[in-house]
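One structure below.
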Amino acid sequence: MIGELLQTKNFWGVNGWSSSSDLHAPPALNTFGVTTVFSNENYRRKKLLYEWFKALPEFSGIAKLLVNDIMTGVSFKPLVDGVNSRNKLLRAKAFAEENLFNQLLREQVLECVAVGEGFSWVGLPKDKEVKAAVDSAVMKITGFKEVGVSDRVFLKILEDKARMIDDGLYGPRKLRLIPSTTVEVVYDSEDLKMYRQTVGTVVREYSPEEVIHLRFSFKNGTLNGLASFDSCFTQFDLLKLMWDNQRALQHNSGIMDKIISVKGVNVNSSDYTRMKEQLKSFQNVNNKHGTLLLTGDVNVTDVNSMDAMAYKEVGLYITGLLALQWSIPVSRIPFMVGNAMSKSDVGGVSDRGYNNNIEAAQLAIEELYNRELWNPYFGVRMEFDRSYKHNDVVENQSTSLRLSNVRTVIDLLARKGKAVKEEVLLRMLELCDDDVEKLKPEEKNNSGVLLADGEQMAKKPNKRQEEETVMKRGEQLNRTISHGKPTGVGK
């Protein structure tokens with residue numbers, strides 16, 4: 001009785017001792033009072049970031065590139081192999097297909113990359129909805145409202161909720177994306193309170209159990225997500241000014257390329273008319289390399305001499321800074337043509353660093369969705385298809401090298417008549433007692449086994465092998481008698 005009481009969440013509280021004056025209280029969140037939409041700076045910051053995302057192709061392009069690299073494909077695997085594992089996989093896949101899970105997750109990851117956090121709503125049946133369904137079912141069966149029966153059935157459902165979840169009779173029915181720029185995370189210095197969505201005059205509140213809150217990093221001890229591009233507001237402003245300047249320049253620069261002035265020529269004279277006709281003929285590309293003969297003092301002035309887009313290097317440099325936030329290598333953004341962007345990475349260090357960032361983001365998504373959705377309600381786990389195998393290859397090579405070193409140590413000690421202790425051997429192999437078991441006698445006879453003292457249990461030959469061995473030895477003896485022993489020199 002006491003043990004069950006101590007194990008309940010309500011006794012201990014979600015975050016430990018509930019008294020804030022207790023010396024063992026958990027660390028407080030970095031806020032004063034309860035956050036509101038008017039005091040929550042993060043709410044306004046997300047809206048501003050999203051405006052930059054819509055306005056700047058450099059920002060949106062890099063964000064979409066990151067999403068494409070993170071979303072490499074999702075697969076489901078059972079938590080425990082058993083009789084119902086196939087049914088659980090089918091239920092999980094059906095739920096994912098019905099709710100367009102891949103598309104929803106892609107949008108949520110895009111919002112998380114762009115503004116720092118993404119939200120999805122899990123449509124769990126509420127207790128009042130379950131009670132209403134029970135009342136309706138009892139009414140249809142009995143023909144009248146039986147309060148006592150309805151209450152007993154409802155209590156039985158609550159008691160058997162875990163079993164019903166395992167059988168697929170109770171759980172989420174819908175999964176929807178909540179636009180991040182409409183969501184406010186409401187919390188105080190102790191814990192999360194709720195999520196509040198505001199769309200115009202419509203305000204909806206969701207409990208923490210209903211919302212899956214995706215973040216790749218936290219913001220200064222709060223529950224809000226921190227976008228990697230939070231430090232780039234000045235660069236966003238510069239990019240916007242650069243494009244505004246280019247737009248104004250193109251709109252207002254409808255002028256001629258050159259001004260030609262000739263002194264001492266009357267505009268009404270035949271010389272002026274002939275000169276005008278000759279200059280007009282050079283507008284044709286075919287006459288580009290012709291000869292023009294003019295009389296008088298001619299002065300040519302260049303007016304529009306812009307040969308390349310202004311501020312190109314600034315734009316490339318800022319785009320490189322945006323790519324730096326996720327350590328995106330040059331090989332992933334080959335359209336970067338600046339001098340600083342064209343340096344090759346011979347050792348592949350930048351590629352490995354970028355892929356480690358992508359894998360860390362995938363791991364964060366897996367842990368969140370497995371904990372909040374797939375593990376408790378479907379009994380499966382989701383996994384991303386890892387496209388970057390370098391770390392796996394290095395780990396396998398390291399394992400092979402370690403096993404080779406263990407074998408070498410065993411052989412060296414065996415030559416000295418000594419053996420490695422079992423606990424030391426297990427530690428060298430990075431195993432524990434629970435990972436191994438005693439070898440059965442029939443297994444010892446059927447396979448060669450390397451012992452701790454370096455001896456090899458020879459596989460017992462069968463009768464056919466013994467006959468083949470005797471025959472080969474007889475043939476070798478006959479050759480020796482006929483030709484003599486081999487000397488290493490051909491006859």
Side-chain angles (χ1 to χ4, degrees), residues 40-71 106-118 179-183 214-220 224-255 304-345 350-351 353-355 357-358 360-361:
N40 194 345
E41 180 268 340
N42 185 72
Y43 186 77
R44 297 187 294 273
R45 179 194 57 83
K46 288 193 299 183
K47 287 184 173 294
L48 183 56
L49 272 173
Y50 190 71
E51 292 301 322
W52 287 126
F53 174 80
K54 292 191 300 180
L56 298 175
E58 295 87 351
F59 184 14
S60 60
I62 288 180
K64 293 175 182 178
L65 180 149
L66 292 170
V67 173
N68 290 334
D69 288 346
I70 293 174
M71 295 295 299
R106 176 177 289 272
E107 294 297 326
Q108 188 177 7
V109 172
L110 178 60
E111 290 190 341
C112 188
V113 170
V115 302
E117 54 190 3
S180 181
T181 54
T182 66
V183 179
L214 176 62
R215 296 150 293 186
F216 292 145
S217 57
F218 291 85
K219 184 179 180 182
N220 192 25
N224 299 114
L226 177 66
S228 299
F229 304 103
D230 261 318
S231 60
C232 300
F233 278 91
T234 301
Q235 285 72 24
F236 291 152
D237 196 23
L238 287 174
L239 284 175
K240 185 65 166 56
L241 291 174
M242 181 190 74
W243 287 116
D244 288 344
N245 181 75
Q246 286 295 319
R247 182 174 180 272
L249 182 63
Q250 297 298 330
H251 272 283
N252 300 326
S253 61
I255 58 178
N304 189 5
S305 60
M306 185 178 63
D307 297 330
M309 188 177 68
Y311 313 113
K312 182 183 69 174
E313 291 299 328
V314 176
L316 287 173
Y317 182 75
I318 294 177
T319 306
L321 289 179
L322 298 182
L324 179 63
Q325 306 308 309
W326 278 77
S327 302
I328 302 178
V330 179
S331 59
R332 193 65 186 88
I333 44 176
F335 48 83
M336 300 293 291
V337 295
N339 293 331
M341 308 300 171
S342 61
K343 305 298 182 182
S344 61
D345 179 22
S350 58
D351 288 339
Y354 171 68
N355 285 287
N357 289 337
I358 294 298

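Quantities reported herein were computed from a predicted structural model and do not represent experimental measurements.
A heavy-atom distance below 4.5 Å is found between the side chains of Phe216 and Val113. At least one side-chain heavy atom of Ile62 sits under 4.5 Å from a side-chain heavy atom of Thr319. Side-chain contact between Leu321 and Cys232: absent, with no pair of heavy atoms (C-beta onward) separated by less than 4.5 Å. At least one side-chain heavy atom of Tyr354 sits under 4.5 Å from a side-chain heavy atom of Asp69.
With sequence neighbours left out, the side-chain contact (heavy atoms from CB on, under 4.5 Å) criterion links Asn357 to Trp326, Ser327. Remark: Thr182 engages Ile178, Pro179, Gln197, Val199 in a side-chain contact (heavy atoms from CB on, under 4.5 Å) (not counting sequence neighbours). For Glu111, the salt bridge (charged side-chain N to carboxylate O under 4.0 Å, His left out) test picks out no residue, with sequence neighbours left out. Residues satisfying the side-chain contact (heavy atoms from CB on, under 4.5 Å) criterion with Glu107, sequence neighbours excluded, are Leu110, Leu177. Listed by chain and residue number, Arg215 satisfy the side-chain contact (heavy atoms from CB on, under 4.5 Å) test with Phe218 (two or more places apart in sequence, or in another chain).
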Stepwise side-chain contact (heavy atoms from CB on, under 4.5 Å) test for Trp52 and Phe229: CA-CA 10 Å; Trp52 287 126; Phe229 304 103; over 6 Å; no

Test log, rule side-chain contact (heavy atoms from CB on, under 4.5 Å), inputs Trp243 and Glu58: CA-CA 11 Å; Trp243 287 116; Glu58 295 87 351; 3.0 Å; yes

Step-by-step side-chain contact (heavy atoms from CB on, under 4.5 Å) determination, Val314 to Leu239: CA-CA 8 Å; Val314 176; Leu239 284 175; over 6 Å; no

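Nearest heavy-atom pair across Ala114 and Leu49 is O-CD1, 3.7 Å. Contact between Gln108 and Gly118 at its shortest, heavy atoms only, is NE2-O, 3.3 Å. Taking both residues in full, the closest heavy atoms of Val109 and Met71 are given as CG2-SD, 4.3 Å, listed atom of the first, atom of the second, then distance.
Panel note: side chain Ser60, backbone Lys54; no donor-acceptor pair is recorded below 3.5 Å. Under a 3.5 Å cut-off, the side chain of Asp230 and the backbone N or O of Ala227 do form a donor-acceptor pair.
Under the side-chain hydrogen bond (donor to acceptor under 3.5 Å, both in side chains) criterion, the residue pairs touching residues 231-241 are Lys240-Asp244, with sequence neighbours excluded.
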